[in-house]
Amino acid sequence: IEKDRSERQQLALSAQNFAITTAIRALLDHARASDPEITDRLEAVIDARHARLESKSDTDHEFTERAKTYLSLLTRRPD
């Protein structure tokens, strides 16, 4: 029973992530029409967060790289 509950929770989280990603991609695509530099500006926010850290651990570097990867998934142009 516990496995079924865990699988249902994972399915719900996956569906939620898909819906959120789809909506954000549509919004960014729409925003790009009036702000062609939006992707660069969003990447700059990630870089600025990283630059503000006093000591940069491996975890901080990994967080920054994962944030950039996820951002690239959200900001890529539709096929």
Side-chain angles (χ1 to χ4, degrees):
I1 294 175
E2 186 63 35
K3 184 176 179 183
D4 289 340
R5 180 180 303 142
S6 176
E7 288 174 354
R8 285 193 310 271
Q9 287 173 337
Q10 186 59 44
L11 180 64
L13 288 173
S14 294
Q16 180 183 19
N17 185 50
F18 175 77
I20 290 169
T21 299
T22 300
I24 291 173
R25 282 182 177 167
L27 291 169
L28 284 169
D29 192 46
H30 182 73
R32 194 177 288 113
S34 62
D35 184 359
E37 304 301 318
I38 192 163
T39 299
D40 293 337
R41 290 188 311 102
L42 292 170
E43 288 174 357
V45 171
I46 294 172
D47 289 336
R49 179 201 175 274
H50 188 75
R52 282 192 307 272
L53 299 174
E54 289 185 21
S55 64
K56 294 171 179 71
S57 67
D58 289 342
T59 301
D60 294 327
H61 288 288
E62 184 177 354
F63 179 92
T64 299
E65 289 309 309
R66 287 179 183 247
K68 287 181 176 185
T69 298
Y70 192 59
L71 181 63
S72 73
L73 293 173
L74 294 173
T75 56
R76 76 171 184 238
R77 295 185 182 271
D79 298 333

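By the criterion of side-chain heavy atoms lying less than 4.5 angstrom apart, applied directly or through intervening Ile, Leu, Val, Met, Phe, Trp or Tyr residues, Val45 is not grouped with Phe63; the two fall into different hydrophobic clusters. Under a hydrophobic clustering in which Ile, Leu, Val, Met, Phe, Trp and Tyr are joined whenever their side-chain heavy atoms come within less than 4.5 Å, directly or via other members, Ile20 and Leu27 fall into different clusters. Placement of Leu74 and Ile46 within a single hydrophobic cluster is found when ILVMFWY residues are connected by side-chain heavy-atom separations under 4.5 Å, directly or transitively.
Side-chain atoms of Glu65 and His61, non-hydrogen and from C-beta on, never get closer than 4.5 Å to each other. Lys56 is not listed as a side-chain neighbour of Thr64, based on a closest heavy-atom distance of 4.5 Å or more.
Here the CG atom belonging to Asp60 is positioned 10.5 Å from the CD atom belonging to Glu62, to the nearest 0.5 angstrom.
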Please assess Asn17 against Ser14 for the test side-chain hydrogen bond (donor to acceptor under 3.5 Å, both in side chains), listing each intermediate value before the final yes or no.
CA-CA 5 Å; Asn17 185 50; Ser14 294; over 6 Å; no
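Panel note: side chain Thr21, backbone Phe18; no donor-acceptor pair is recorded below 3.5 Å. Arg76 places no side-chain N or O within 3.5 Å of a backbone atom of Arg25 that could act as its donor or acceptor partner.
Nearest approach of Ala31 to Ile38, heavy atoms of both residues: CB-CD1, 3.8 Å.
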